[in-house]
Amino acid sequence: MGLRKEGLDMISQFFLILTLTVCPLQGLNMSDTEGVTYIHSNRTVAVADSVTLLCGSPPPDIFIWGFTKLDSDVNVALAYNYGHGPIVEALSTELGQLDVIANTSSLHIEDIHAEAQGIFTCQALYDEQQGFNTTFYFTNLTIVD
Ligand SMILES: *[C@@H]1O[C@H](CO)[C@@H](O)[C@H](O)[C@H]1NC(C)=O
Ligand SMILES: *[C@@H]1O[C@H](CO)[C@@H](O)[C@H](O)[C@H]1NC(C)=O
Ligand SMILES: *[C@@H]1O[C@H](CO)[C@@H](O)[C@H](O)[C@H]1NC(C)=O
Ligand SMILES: *[C@@H]1O[C@H](CO)[C@@H](O)[C@H](O)[C@H]1NC(C)=O
Ligand SMILES: *[C@@H]1O[C@H](CO)[C@@H](O)[C@H](O)[C@H]1NC(C)=O
């Protein structure tokens with residue numbers, strides 16, 4: 001049990017580092033890896049409105065939310081949960097009021113700012129018998145006045 005948990009932590013830290021250092025918008029090849037699924041969507045929301053972005057249901061064992069600003073290729077971490085409860089990065093305040101909805105991996109943004117225009121990414125990892133099953137969610141968010 002303890003070992004299992006440590007393993008989970010190590011793997012999740014690896015993925016966190018991966019998220020912070022690798023731009024997931026480049027070099028995607030769906031046929032590359034088995035057990036990896038990519039889900040793309042487009043959303044439009046008005047400034048000061050709220051939006052809920054989904055990242056797997058039932059909630060994944062590990063998830064990491066990131067954001068790539070329009071015209072940028074840097075992906076910054078917004079929120080993550082690797083078994084110790086969700087953590088929302090302070091850095092995310094410039095996008096609006098961010099929350100991870102209780103007992104889910106959904107990212108909720110209230111009073112959204114124009115700065116939130118860009119690609120929201122979420123890596124969802126399910127701990128399965130054959131290993132981790134990963135789903136990448138890419139939500140292209142357009143902010144209108
Ligand atoms: C994806 O990778 C496979 C194997 O490396 C390659 O055969 C295929 O052409 C690639 N597809 C794209 C769209 O790059
Ligand atoms: C991985 O999870 C997705 C979504 O839940 C599911 O459709 C798929 O069958 C799973 N793949 C494997 C290899 O377990
Ligand atoms: C999102 O919008 C772009 C540009 O309009 C379009 O090319 C793409 O197919 C859309 N993606 C989805 C998943 O609808
Ligand atoms: C979240 O899950 C915990 C434990 O299962 C439960 O006690 C709590 O009521 C749940 N919260 C919500 C908002 O569903
Ligand atoms: C995101 O959506 C905007 C507006 O619909 C579109 O112009 C742009 O091409 C989309 N970007 C991607 C990566 O789908």
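This is a predicted model, so every value here is computed, not measured. Every number for a ligand or one of its atoms is a count from 1 in the order of the listing.
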Self-check item: Intermediate values then yes/no, side-chain hydrogen bond (donor to acceptor under 3.5 Å, both in side chains), Asn81 and Ser105
Solution: CA-CA 8 Å; Asn81 185 352; Ser105 51; over 6 Å; no
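- Taking a cut-off of under 4.0 Å to the non-hydrogen atoms of Ala102, the atoms of ligand 4 that pass are 13 (C).
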Is there any protein N/O under 3.5 Å from an N/O of ligand 3, and what does the full list of such pairs look like?
| unit_1 | atom_1 | unit_2 | atom_2 | d |
| --- | --- | --- | --- | --- |
| ligand 3 | 2 (O) | Asn42 | OD1 | 3.4 |
| ligand 3 | 2 (O) | Asn42 | ND2 | 2.4 |
| ligand 3 | 11 (N) | Asn42 | ND2 | 3.0 |
| ligand 3 | 14 (O) | Asn42 | ND2 | 3.4 |

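- With hydrogens and angles left out, the side-chain atoms of Asn140 and Ser41 include no donor and acceptor closer than 3.5 Å.
- Residues Phe120 and Leu107 share a closest heavy-atom pair of CD2-CD2, 4.0 Å.
- In this structure, Ala46 and Ile143 approach most closely via the heavy-atom pair C-CG2, 4.4 Å.
- Taking the side chain as every heavy atom from C-beta outward, His108 and Thr52 approach each other to under 4.5 Å.
- Proximity of Phe67 to Leu95: side-chain heavy atoms (C-beta onward) are separated by under 4.5 Å at one or more points.
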